[in-house]
Structure formats: structure tokens, C-alpha cells
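Read through the structure below, which is laid out as C-alpha cells, and then see the notes.
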Amino acid sequence: MDIFQKCRDFDDADIARASGYYPYFQVIESESDATVLIDGRELIMLGSNNYLGLTTHPHVRERAREALEKWGPSCTGSRLLNGNFSIHEELERRLAAFVGKEAVLVFSTGFQTNLGTISAIVGRHDHVVIDKDDHASIYDGCKLSYGKVSRFEHNNVEGLRKTLASLDTNDHAGILVVVDGVFSMEGDIAPLPEMIAVCKEFGARLMVDDAHASGVLGPHGEGTSAHFGVTEDVDLIMGTFSKSFASLGGFIAGDANVIDFIKHNSRPFIFSAAMAPASVGACLGALDVMETEPQHRERLWEITRRMQKGYRDLGFDLGTSDTPVIPIILGDEMLVFAFWKRLLEEGIFVNPVRPPAVPAGRSLLRTSYMASHSDEQMDCVLETFERIGKELGVIS
Ligand SMILES: Cc1ncc(COP(=O)(O)O)c(C=O)c1O
């Protein structure tokens with residue numbers, strides 16, 4: 001059988017395109033900002049993770065430009081051998097101080113950070129325990145490790161306890177629990193203090209993916225652990241640069257000896273080229289801004305609270321979202337696509353989300369907010385959601 005037969009048989013995307021309900025790979029003709037151009041039309045962007053709006057911040061862009069000029073467009077190799085530039089180490093020192101951990105290692109993407117950290121830490125005799133709704137990169141990091149993988153019900157501390165109690169452990173088996181700090185589709189926060197207590201009971205280590213929490217949660221945007229005041233008790237903090245940092249890459253933060261181990265044992269880190277200089281420069285610029293301009297985070301939360309109240313007052317189901325990721329949970333997949341299409345026609349860009357990205361029966365419109373959205377744009381969004389929600393019978 002030809003290994004490409006499945007490709008010839010694959011017609012899901014063609015069917016969706018022909019039906020006019022294909023939402024993926026939209027061609028954006030402008031930079032990532034509060035509005036974007038698609039097909040020459042300006043749309044309000046509610047589908048990005050540019051939470052602090054830093055893609056357009058002059059200082060972030062200037063630092064990216066400077067790094068490009070000084071260090072060139074590529075490091076042309078792995079950190080281990082020939083791509084370890086002093087700006088990588090500068091960024092690692094700055095981030096360690098920012099999140100409150102001894103050491104940091106930066107990777108070229110957030111996805112790679114999860115792959116490289118989990119596969120390095122979880123060995124053949126170990127266990128890795130994850131929340132069912134964890135990000136795909138955590139699932140794939142588990143697959144890449146040789147450990148035994150167990151899952152527990154989403155954000156369910158009792159479920160975590162039962163799972164840990166059921167593990168067949170011995171003196172050679174360690175346990176790593178991995179959760180998202182903020183869940184990427186529904187915007188809810190992991191109950192870290194309760195999870196830490198359970199992990200301690202079973203001698204398990206805890207890793208928190210802060211992709212959607214860095215720059216957003218915590219007194220200065222340090223993330224979920226700082227939000228709860230439990231940074232000491234979270235063993236590994238992971239973050240991405242592709243969201244609030246307005247760049248590309250990822251980091252893992254923890255005790256110096258753990259980070260040094262990952263540095264020397266993580267295949268996705270060792271056998272891949274170093275983070276590009278311009279991306280490092282943008283991150284350094286974003287850190288400067290996060291440390292000195294709290295107004296962006298404050299504005300983000302002002303918009304978030306306003307939109308959460310606005311949608312709830314209209315009668316939409318937002319689940320337990322408590323962050324700038326606000327899902328409009330519609331349940332039915334076809335309804336989600338119909339709503340998405342009407343929003344696009346009315347000039348609003350959102351992401352329709354269906355299983356397996358969310359559990360069956362929980363299809364939703366993922367909306368997310370940024371500090372650079374204006375009040376007028378948000379008025380327009382609420383007015384449009386109300387109109388289409390009534391038109392499609394979602395609200396009365
Ligand atoms: C929770 C979570 N972890 C990891 C990643 C991967 O990060 P990146 O896109 O920066 O590779 C994402 C990105 O979507 C994410 O949402």
C-alpha cells in the first residue's frame with residue numbers, strides 16, 4: 001500500500017472549503033495588532049495571544065532590530081556547539097530574576113520547550129501525570145518520554161490525588177505532574193495551591209505551563225505561581241514567547257541543577273538551532289516593558305473584566321474563564337461555525353474550536369483580548385455578539 005494513499009483519501013478540508021465553513025489558515029495581510037486586514041477588509045482581532053499588545057510597542061521592535069543588526073538573522077547552529085550567544089544567556093538571567101527561579105533555559109519555540117523538558121526529565125521508570133485538557137505539546141512531550149503517562153479530570157484536585165494514589169511506584173520511580181497554569185481554550189486557572197499540597201503528599205514534582213499566564217497573571221506578570229504566591233513550591237515554570245512577549249521561543253525555569261540537567265539531556269534542545277537573535281531581542285524588550293510599564297497589564301485586565309461582564313449580562317456561557325481568554329461556549333459544532341461565519345462577515349475575527357481541542361459537546365468560540373483594544377472596538381464586539389446571538393437563537 002502506498003504510504004501516501006491516506007493523503008489522496010483526505011478530503012475533510014476540501015469538503016469544509018466547498019461548504020464555505022473553512023476557518024483555518026486565514027490569510028492575514030497586516031501585522032498582528034488589535035485589528036488585522038483579511039481580503040482587504042479591516043477586522044477586529046479577537047483571535048490572537050498578543051495579550052499586552054507588545055507586537056507594536058516601539059521599544060520591543062527597536063530591541064529586535066538592534067539584535068538583528070548586531071547578531072545577524074540566525075545563530076546557524078545549536079546552543080550546545082556553536083549557537084550560544086551572550087544575548088541568550090542575558091535573556092536567561094533576566095527571566096530567572098523575573099519569574100523568581102534560580103535558572104532558566106530558553107528554547108526556540110514553546111512547543112519544543114515542553115517536548116524537551118518532559119522528555120528529558122521523565123525517564124523509563126518514571127510517571128508523568130497530566131490534566132486531560134493540557135496543551136498538545138505536553139501530550140507530545142509525554143509521548144516522547146519513556147515514562148508511564150496518566151491523566152486526571154480537568155482541574156480536579158481529587159482526581160489528581162486518586163491518580164497519584166493509584167500509581168505503581170517504587171524507589172526508582174519519580175513523578176512529574178504537568179498542568180497548564182491558564183488553559184488555552186477555556187481561560188480557566190489551575191488551582192495550584194491545592195495541587196501543590198497533593199503533589200507534596202505523594203512526593204511528586206510540579207511543572208506549570210504559563211504560555212497564557214506570562215505577562216498576564218501575577219503582580220508584575222510573572223505568571224500563575226506568582227498569582228497564587230506559590231513560586232517556591234512550583235518546581236518548574238514553563239513559558240512561551242509567542243504570546244505576551246510578542247516574539248517566538250520558550251523557556252523553562254527551575255533549580256539550577258535541574259535546568260543544567262535539561263540543558264545537557266534534552267534532545268529537542270541539543271539537536272536544534274538556537275533561538276534567533278531578533279526573537280531574543282524582542283523578548284528582552286518585552287521584559288523591559290513588563291518591568292517598567294504596568295499600564296499594559298492593567299489595561300488588559302480592565303478590558304477583560306468589562307468583556308466578561310458584558311458577555312455574561314447578555315446571557316452567554318463563559319464557563320469558568322477568569323482570564324483574557326474568554327470562551328463563548330455554544331456546545332454544538334455547527335452552531336459554532338455558523339456564529340463564526342457571521343462574525344467574520346460583520347468584521348470580527350475569532351477562533352471556532354471543536355473536539356478534540358475541547359471535550360465533545362463543548363464546542364466554543366475562543367475570544368481573547370489585548371491591552372491595545374479600544375473601548376469603541378469592545379462596544380462594537382458586544383453589540384455584534386448580541387445581534388448575532390439573538391439571530392441564531394443562542395440568547396434571547
Ligand atoms: C498552553 C500552551 N503551551 C505551549 C504552547 C506552544 O507554544 P508556542 O506556540 O510558542 O510554540 C502553546 C501555544 O499555543 C500553548 O497554548
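Note: hydrogens, waters and symmetry copies are ignored here, and every other heavy atom, side chains too, is used. Counting starts at 1 for both ligands and their atoms, following the listed order.
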Handout entry: Mode of His212 contact toward ligand 1 - side chain, backbone, both, neither (heavy atoms, under 4.0 Å)
Key = side chain

Handout entry: Nearest-contact summary for atom 5 (C) of ligand 1 - protein heavy atom, Å
Key = His135 CE1, 3.4 Å

Practice task
Give a yes or no on whether the backbone of Phe98 and the side-chain of Glu222 come within a donor-acceptor separation of less than 3.5 Å.
Solution key: no

Practice task
Answer whether the closest heavy-atom distance between the side chains of Asp140 and Phe111 falls below 4.5 Å.
Solution key: yes

Practice task
Enumerate the atoms of ligand 1 whose separation from the nearest heavy atom of Ser137 is less than 4.0 angstrom.
Solution key: 3 (N), 4 (C)

Fill in the blank from the handout: ligand 1 to Asp180, heavy atom cutoff 4.0 Å, flagged ligand atoms 1 (C)

Completion exercise
Among non-hydrogen protein atoms, atom 1 (C) of ligand 1 lies closest to Asp209 OD2, 3.4 Å

Exercise for the section: Could you tell me whether Phe107 and Phe251 have their ring centroids closer than 6.0 angstrom? Expected result: no

Exercise for the section: Rounded to the nearest 0.5 Å, what's the gap from CZ on Arg354 to CH2 on Trp340? Could you check? Expected result: 13.0 Å

Practice task
Using modelled atom types only, decide if a donor and an acceptor are shared between the side chain of Arg366 and the backbone of Gly47 within a distance under 3.5 Å.
Solution key: no

Fill in the blank from the handout: Note: ligand 1 atoms sitting under 4.0 Å from heavy atoms of Ala211 are 1 (C), 2 (C), 3 (N), 15 (C)

Exercise for the section: Using distance alone, determine whether Gly110 and ligand 1 share an N or O pair under 3.5 Å. Expected result: yes

Practice task
Check for a donor-acceptor pair, side chain of Asp180 on one end and backbone N or O of Phe183 on the other, with a separation under 3.5 Å.
Solution key: no

Handout entry: Which of the ligand 1 atoms, numbered from 1, are nearer than 4.0 Å to a heavy atom of Ser242
Key = 8 (P), 9 (O), 10 (O)

Handout entry: Non-hydrogen atom of Lys243 closer than 4.0 Å to ligand 1
Key = yes

Practice task
Just need the protein heavy atom nearest to atom 7 (O) of ligand 1, so name the residue and atom and give the distance.
Solution key: Thr240 CG2, 3.1 Å

Exercise for the section: Would you give the length of the straight line joining atom CZ of Phe241 to atom OG1 of Thr109, rounded to the nearest 0.5 angstrom? Expected result: 11.0 Å

Problem - Residue pair Thr240 / Thr113, side-chain heavy-atom distance below 4.5 Å - result: no

Exercise for the section: Check ligand 1 against Phe111 and write out every atom of the ligand that is under 4.0 Å from a heavy-atom position of the residue. Expected result: 6 (C), 7 (O), 8 (P), 11 (O)

Practice task
State the atoms of ligand 1, each with its element, that fall below the 4.0 Å cut-off from a heavy-atom position in Ser184.
Solution key: 16 (O)

Problem - Stacked cation flag Lys341 on Tyr21, 6.0 angstrom / 45 deg - result: yes

Practice task
Give a yes/no on ligand 1: does Gly250 have at least one heavy atom closer than 4.0 angstrom to it?
Solution key: no

